[in-house]
Amino acid sequence: MPSESLDVHDFVVNKGHGVRGLSAMGLRKVPNQYVQPLEERLDAAKVINNESIPIIDVSNWDDQNVADSICEAAKKYGFFQLINHEIPEEVLDKVQAAAHRFFEQPTEEKLKYKRDPTAGGTAKLGTSFSPNKEKVMEWKDYLSLQYFAGDGSSDKNAADWPSICKTQALEYLTMVQAIVRKIYDALFKGLNVNGFDKTLLMAWIAVNFNYYPYCPNPELTVGVGRHSDGSALTVLLQDDVGGLFVRAPDGESWIHVPPTRGALVINIGDMIQILSNGIYRSIEHKVVANPRKNRVSVAIFVNPSADQVVGPLPEVLENTGEKPLYREIVFLEYFRYFFSKGHDGKATIEWTKI
């Protein structure tokens, strides 16, 4: 079926075929709904080839150099990769394979998880970012699995999750939570903050299976537009296809984050930037599509609870002598504003500036 005869938005969003359905048609050209303005496409001339985000060996978490490296990376790059983190590669491979299995199911099976955001449930199939709000759509489908730390057992949390991927997602999430606690320990120790209950930043977790089908004109579109994450911390597992680019410290260029077998990509979210009063930085990043291969990633967004008030920590302000850069905000208010529009760089956190 040629794309010209389609109501693309209806086919992709309302009928739930996603961009995988478009890609499967063998399109020769990206539909206009996905053609990004020039300024939002990746400019190869702005990619720095001789710089990379730090890769940190965490085989010994008790080594002070590990904590120091995490804090320095969070200040300069907002991103880093962890290796030797003790999650077996078999677990990583299984959760990626589960993501492929879910998206390669017939559409009618996946549609069981296409829900209105107000309908409840802890598993949601989606496409793009905010397809009813953004001006140009993104070349990505996703399954978002919600996990609420205060809601009892893992079985209760995952009751709505698809059986085709539930076991693998839970196993991986359990191991990632242990790593997140250690990262938080390092980050808050680096701020000389001792009394803050870091479990408050692990109350609401989303495990997102992202699927980027091969694209006929990847240079015209994006898999994910430039943005910083609204989370406290994000843990990303890439496959071997690649496509992640991170804003360089100069604020203009981009750094490619090539896949590293067995590594986890960690990035600071907006909540940590606010809590640290800008000492740790949430950084813009984007994903490009691939012309030949389907790409999957597994992103775990670690968040406060919906009703948690977030603002610069008093101990940080006392230690630095600085005035607060951000106003206090309830996380749910921030979350709703973040999703009320398309990806737009750092605009959401700028909205909270004093």
Side-chain angles (χ1 to χ4, degrees), residues 3 8 19-20 22-23 26-55 73 76-81 96 127-131 134-142 208 210-229 234 236-261 263-268 281-299 341-348 350:
S3 63
V8 171
V19 283
R20 187 175 191 276
L22 284 180
S23 181
L27 301 177
R28 295 184 179 180
K29 185 178 184 298
V30 168
N32 290 334
Q33 290 86 344
Y34 291 90
V35 176
Q36 295 284 336
L38 282 172
E39 64 271 17
E40 296 301 335
R41 303 176 199 174
L42 182 68
D43 182 352
K46 291 187 175 181
V47 176
I48 303 175
N49 294 315
N50 60 353
E51 188 166 3
S52 61
I53 65 170
I55 297 177
K76 182 176 181 180
Y77 292 96
F79 270 79
F80 49 94
Q81 296 195 73
Q96 288 180 323
T127 190
S128 192
F129 176 65
S130 292
E134 57 204 359
K135 294 178 181 178
V136 184
M137 293 171 66
E138 300 175 352
W139 197 262
K140 179 192 76 172
D141 298 329
Y142 67 88
N208 278 25
N210 300 315
Y211 188 86
Y212 305 88
Y214 63 86
C215 177
N217 313 102
E219 71 281 1
L220 298 180
T221 189
V222 294
V224 179
R226 60 182 181 87
H227 70 289
S228 61
D229 289 347
T234 303
L236 179 73
L237 173 63
Q238 297 197 86
D239 66 6
D240 61 354
V241 176
L244 174 64
F245 289 81
V246 173
R247 183 72 80 180
D250 65 12
E252 297 292 333
S253 308
W254 294 95
I255 299 171
H256 182 221
V257 184
T260 300
R261 173 73 174 161
L264 299 176
V265 180
I266 312 295
N267 64 281
I268 302 299
R281 304 169 62 213
S282 61
I283 296 297
E284 279 187 331
H285 51 288
K286 62 166 62 179
V287 174
V288 299
N290 191 284
R292 292 175 296 277
K293 292 183 177 181
N294 300 325
R295 176 182 186 259
V296 298
S297 67
V298 182
K341 52 193 173 46
H343 279 136
D344 52 3
K346 299 271 293 177
T348 307
E350 291 294 320

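For Glu40, the side-chain contact (heavy atoms from CB on, under 4.5 Å) test picks out Gln36, Pro37, Arg226, with sequence neighbours left out.
Interatomic distance, Thr260 OG1 to Ile55 CD1, rounded to the nearest 0.5 Å: 4.5 Å. Separating the CG atom in Asn267 from the CD1 atom in Ile283 is a distance of 9.5 Å, to the nearest 0.5 Å. Atom CG of Leu236 is separated from atom CG of Leu264 by 8.5 Å, given to the nearest 0.5 angstrom. If you take OH on Tyr142 and OG on Ser128, they are separated by 8.5 Å, rounding to the nearest 0.5 Å. Residue Asp240 holds its CG atom at 10.0 Å from CZ of Arg295, rounded to the nearest 0.5 Å.
The minimum heavy-atom distance between Gln96 and Val296, with the atom names listed, is O-CG2, 4.2 Å. Shortest non-hydrogen contact noted between Val8 and Tyr34 is CG1-CE1, 4.0 Å. Of all heavy-atom pairs spanning Ser228 and His285, the tightest one is CA-CE1, 4.1 Å. The two residues Ile255 and Pro249 have their closest heavy-atom pair at CD1-CD, 4.1 Å. Closest non-hydrogen pair, His227 versus Gly225, comes out as ND1-O, 2.8 Å. Among all heavy-atom pairs drawn from Ile48 and Ala248, the shortest one is CD1-CB, 3.8 Å.
With hydrogens and angles disregarded, a donor-acceptor distance shorter than 3.5 Å links the side chain of Arg247 to the backbone of Glu252. Side chain of Gln238 to main chain of Val257: a donor-acceptor pair is present (N/O by atom type, distance under 3.5 Å, no hydrogens or angles). Using a distance-only test at 3.5 Å, with no hydrogens or angles considered, no donor-acceptor pair links the side chain of Lys341 to the main chain of Ser130. Side chain of Thr127 to main chain of Lys140: a donor-acceptor pair is present (N/O by atom type, distance under 3.5 Å, no hydrogens or angles). Proximity of a side-chain donor or acceptor of Asp239 to a complementary backbone N or O of Val241 within less than 3.5 Å is detected. For Asp141 (side chain) and Arg20 (main-chain N/O), a donor-acceptor pair under 3.5 Å exists by modelled atom type. Remark: the backbone N or O of Tyr214 is paired with a side-chain donor or acceptor of Ser23 at under 3.5 angstrom. Put simply, the side chain of Asn217 never gets that close to the backbone of Glu219: no donor and acceptor are under 3.5 Å apart.
Remark: of the listed residues Leu22, Thr221, Val30, Val30 is the sole one forming a side chain to side chain contact (heavy atoms under 4.5 Å, CB included) with Pro216. Here the rule is side chain to side chain contact (heavy atoms under 4.5 Å, CB included) with Val222, and of His343, Met137, Glu138, Arg41 only Glu138 fits it.
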Set out, in order, the CA-CA distance, both residues' side-chain angles and the distance that settles side chain to side chain contact (heavy atoms under 4.5 Å, CB included) for Ile268 and Arg281, then state yes or no. CA-CA 6 Å; Ile268 302 299; Arg281 304 169 62 213; 6.0 Å; no
Verdict with supporting geometry, Leu42 and Trp254, side chain to side chain contact (heavy atoms under 4.5 Å, CB included): CA-CA 9 Å; Leu42 182 68; Trp254 294 95; 4.0 Å; yes
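The shortest side-chain heavy-atom distance between Phe79 and Val265 falls under the 4.5 Å cut-off. The shortest distance between side-chain heavy atoms of Val287 and Tyr212 falls below 4.5 Å. In this structure, the side chains of Val288 and Phe245 come closer than 4.5 Å at one or more pairs of heavy atoms.
Residue Lys293 places its NZ atom among 12 or fewer non-hydrogen atoms of other residues, nucleotides or ligands, all under 6.0 Å distant.
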